[in-house]
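In what follows, chains are A, B, ... by sequence order, proteins preceding strands, each numbered from 1.
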Amino acid sequence: MNHLYYRLAVTNLKNNRQFYLPYLLAGIVSAMMFYIMRAVQGNDSIDQMRGASALKIVLIMGVVIVGACVCIFLFYTNSFVMKRRKKELGVYNILGMEKRHIAKVLAWEAVILYAVSVGGGLACGIVFNKLVTMFLCKLTGLSESIPFYVSGWGCLQTAELFAAAYAAMLLYNFIQVKLANPIALLHGNNVGEREPKTKWISAVIGIACIVAGYYLAVHVNGILEAVNMFFAAVVLVIVGTYELFLSVSIAVLKLLKRNKTYYYKTSHFITVSGMMYRMKRNAVGLANICVLSTMVLVIVSTTVCLYAGVEDSLQNSYPEEIDATFYLNDVPDDADRKYLLQQFVEAAEKQNRKVTEVSEYANIVYVTHNVGNEIALFDNESDHFTEMGMLYVMTKKDYEKYTGQVLGEIADGNVMVTSLAGFAEDVIKVFGKEYPVAGVLDMPEDIPDREMEGLMGDINVIYLIVADDSALKDFDAEIQYHVGVETDGTQEERKLYASAVREAVEAVRAQSGFNSCLIYSRAEQWEEYMGMNGGFLFLGLFLGILFLMITVLIIYYKQISEGFEDRERFAILTKVGMSHDMVKAAINAQVRTVFFLPITVAVIHLVMAFPMLKLMLMLFGLANNSLFVACLAVTAAVFAVIYFIVFKLTSRSYYNIVY
Amino acid sequence: MSILEVRNVSKVYTTRFGSARVQALSNMNFSVEEGEYVAIMGESGSGKTTLLNILAALDKPTGGEVLLNGRDLTEIREKELSAFRRDNLGFVFQDFNLLDNFSLKDNILLPLVLQGKSVAQMEQLIDPIAARLGIQQLLAKYPYEVSGGQKQRTAVARAIITSPQLILADEPTGALDSKATAALLKVFREINSDGQTILMVTHSTDAASHADRILFIKDGEVFHQLYRGNMTNEQLYVKISDTLTMLTQKAVKVEAP
């Protein structure tokens, strides 16, 4: 008996191959992608590489996202296929199959689909895994060779995840069959279509959501706010997008319909009413396409930009090859400074490196809370982070040396001020003590933290320039002594130099009396950056491909289902005297709108998100706007081309159905 | 003057590889006068559908010619066909063929929109027709909201709104109950007395008994015809019944030896 159900299941799958082939293909690719992600993430040889820790976090994130997306996507396709098959199941029911028999057939179908998807997916995954890993290594600049290997955990988790997903879908299908009566099943896909009602309220909410989301994105003030508000803006825009397609579209069509001279034109008559009908049924599909497209564009363009801008952001964050900060209790005098600098030069000589540039200055750094000209220490408990400020205190001598400016005399107890936000007071009150302001300076471009402008929003950066070392000492705080060194040499030689500097500095720690020191090497950071940004790019492309596949499948299913819906309508129109050319023109108009709508909205979203995304990139030290614009444009163009090709191909199956 | 002339029309279907030939129509001849109300009756497979498709210019005959107002349908170029159908013919179908996504009003206006008429003209045309068919209260409704009879009256309104030369009705009462059938036949009678030429293909003796003339076709030919003359509907009904009985018996006789 079971054999019969099995054979019936096989026949069903074969007869419905128009639906199941893409479904199966999607299953295989999903399984493959999940396996690869999991296998790459669990790859031991990556663990041993430099920069792996950052990459690992990115990859774990990837496993979770890919897993979740794959499940949602499979569910979506399943419900689409089931909707189309209701009639067939109704026929079985009428032919005398009980619901439990139908359930058995469905169960067999699920087993076959599962076996093929996971089997095929794992096979492809194992084959392509090495290729993908090699690609990842190339992107991240990790040079070690990767052995061919099969991830046992990867296989197991893929099998488990998909088993859970298919079981859940089967359960859903059971419920569908159980709830339905045969007549309902028979008419499953053409219950009387009511003209959609205009939901004014949700249309207004939708527009409000999008406007609010755009407002947040465009008027974002500083990086902290961007990070904080990003999620809110994304949610608002996603909600707005769904409402836009579900309600606003219908509202607009209704308005068009109300305009009689517009509506009663051959080209508009069929299109407007057809679109209304389409939007009702397929608005969710279109909104899905729009949201997914936006995601692909955002993810791919930002990660490409991060990757292309590695050198840029590295240069931004580490203007010098070696960036050392010594923490001292006392203001270092000239002899102390000279002694420390000598360590850098000697280390270079030992390594055969040449120190080409040295800069040094001492300062005190405070995180503050500023109100007017009063500056207090920042209190984590009571002060809001948006009111945070930075205060740097430097001596006149260091400031002059660092900026190359020549300042006038500063009397004892007086200060000069330079502030990002501008400063116009005669007196500045710092931690309760008042200092007469001897002069206000323009903030130089290359001064540390100058780039905070715009990045930090309202957060102010103030430089307080005091007369001399003793005035600096009066602040009674930990002094930071900064040394920047530029050298020659290859990447490897620079790395060796960094280690040598660390050793040399550590050796004189007791003698020079600093509490601790932090030494960054640009060469070392380069590896971290490549690991991180290469990982991001990898993830971006990976997710981009996954989302693209999902988008493609949604478009395909949408075209097919619309084809079946439209076939009858166009048959009638032909009988009533519409020529094939007119029918074709009407179809094209609808199809074109449906094609351009999601991608147009996606591009608008992208443009609006630009200010926010720009700030998010700054978080990674990248402030190259033109690079980002170029990345966005190229990504959007490539995406549009792929989308168009897919669309052309799927349109053909649509026309085949309609005619 | 005759508005429609069917001369020696034949239609042969060949299967895809030409092995089997089916003669759907053989040497069909008849004509319809302007303002006439003609019913065509015949068994399933007698060639009714083929004939109707040819009259509707949806299909081309393999022989003979069909003249509508003196113009040969078979000569009209493919490109003009749709426009020709739209301007000269009105259709009423068994399953109504109304579009669910249009209100009844828009369904009726569809041919006018396709003709490119102005909104003012449309408004002017639709009101009297809707009133005459008793559907003016329903114009804002959608096909799935009204009864079968109302749907068919909408379809009739759509067919006559372009003032076509000829209305082709294909089993118009096939999906209606007896009350709706009676109402529809009354409508046909009324629009016919306004001068509208109607050609109706039907199985129903009742429907046929409302016509002026009934053509019986069998095996792809006009086999017999009845004129109403001075008969009432009831008398004509009996006459048609007799003819049908005779036709069937004759067929049996022919096939018996």
Side-chain angles (χ1 to χ4, degrees), chain A residues 187 189-197 249-250 253-254 256-282 562 564-587 589-590 658-659, chain B residues 52-53 56-58 76-123 125-126 140-146 155 158-159 161-162 164 168 170:
Chain A
H187 298 288
N189 35 30
N190 45 8
V191 247
E193 278 296 322
R194 260 160 209 289
E195 189 183 75
K197 290 215 168 63
S249 62
I250 305 257
L253 289 170
K254 287 259 177 173
L256 288 181
K257 195 173 170 180
R258 217 172 277 174
N259 179 353
K260 284 189 179 167
T261 33
Y262 177 87
Y263 178 56
Y264 288 111
K265 286 263 172 3
T266 313
S267 48
H268 305 149
F269 192 58
I270 311 287
T271 316
V272 169
S273 61
M275 282 301 295
M276 194 134 40
Y277 191 74
R278 259 182 193 219
M279 288 316 286
K280 188 189 171 198
R281 284 213 149 187
N282 301 308
E562 283 176 2
F564 282 114
E565 283 157 18
D566 290 352
R567 177 159 63 182
E568 207 180 334
R569 294 183 43 232
F570 282 112
I572 294 175
L573 283 170
T574 317
K575 281 185 193 163
V576 178
M578 207 168 159
S579 65
H580 267 242
D581 289 345
M582 282 164 108
V583 168
K584 200 146 192 174
I587 290 177
Q590 287 181 42
V658 172
Y659 286 123
Chain B
L52 209 65
N53 282 341
L58 291 168
I76 299 175
R77 278 183 303 134
E78 191 63 37
K79 275 208 144 136
E80 293 173 50
L81 258 183
S82 291
F84 179 81
R85 259 207 303 277
R86 198 166 61 220
D87 297 340
N88 297 292
L89 298 170
F91 296 93
V92 181
F93 306 92
Q94 176 175 1
D95 50 1
F96 323 128
N97 276 339
L98 297 178
L99 290 163
D100 265 347
N101 58 328
F102 283 124
S103 64
L104 296 192
K105 178 179 177 184
D106 289 351
N107 264 296
I108 296 170
L109 291 180
L110 182 63
L112 295 185
V113 175
L114 294 179
Q115 282 178 342
K117 290 267 192 314
S118 74
V119 177
Q121 279 174 301
M122 292 184 201
E123 302 279 353
L125 281 169
I126 193 168
K141 290 203 185 287
Y142 283 81
Y144 47 81
E145 294 175 312
V146 301
R158 180 180 64 188
I161 199 160
T162 53
L168 293 173
D170 184 8

Inset, instruction - Go through B:Asp106, B:Leu109, B:Leu99, B:Leu81 and name the one with the most non-hydrogen pairs under 4.5 angstrom from chain A. - result: B:Asp106

Legend entry - Part of residues 88-96 of chain B lying next to chain A, heavy-atom separation under 4.5 Å: B:Phe91, B:Phe93

Inset, instruction - Tell me, out of B:Lys117, B:Arg158, B:Glu80, B:Arg85, who's got the most heavy-atom pairs with chain A below 4.5 Å. - result: B:Arg158

Legend entry - Interface moiety of A:Lys260 toward chain B, non-hydrogen atoms closer than 4.5 Å: both

Inset, instruction - With rounding to the nearest 0.5 Å, note down the distance linking CZ in A:Phe269 to NZ in A:Lys257. - result: 8.0 Å

Legend entry - Steps toward side-chain contact (heavy atoms from CB on, under 4.5 Å) verdict (B:Met122, B:Val113): CA-CA 8 Å; B:Met122 292 184 201; B:Val113 175; 3.7 Å; yes

Legend entry - Donor-acceptor pair, side chain of B:Asn53 and main chain of B:Leu58, under 3.5 angstrom: no

Inset, instruction - Using a strict cut-off of less than 4.0 Å between a Lys/Arg side-chain nitrogen and an Asp/Glu carboxylate oxygen, indicate whether A:Arg569 and A:Asp566 qualify as a salt bridge. - result: yes

Inset, instruction - Start with the C-alpha gap between A:Ile270 and A:Met578, add the side-chain angles, then the distance that decides, and say whether side-chain contact (heavy atoms from CB on, under 4.5 Å) holds. - result: CA-CA 11 Å; A:Ile270 311 287; A:Met578 207 168 159; 3.8 Å; yes

Legend entry - Distance (rounded to the nearest 0.5 Å) between B:Lys105 NZ and B:Ile126 CD1: 6.0 Å

Inset, instruction - Under 4.5 Å, counting heavy-atom pairs only, tell me which of B:Leu112, B:Asp87, B:Val119 racks up the most with chain A. - result: B:Val119

Inset, instruction - Please flag which part of B:Gln115 lies under 4.5 Å from any non-hydrogen atom of chain A: side chain, backbone, both or neither. - result: neither

Inset, instruction - Return yes if some donor-acceptor pair links the side-chain N/O of B:Ser103 with the main-chain N/O of B:Lys141 below 3.5 Å, else return no. - result: no

Inset, instruction - Hey, can you tell me if A:Tyr262 and A:His268 have their rings parallel, tilted or perpendicular (30° and 60° cut-offs)? - result: parallel

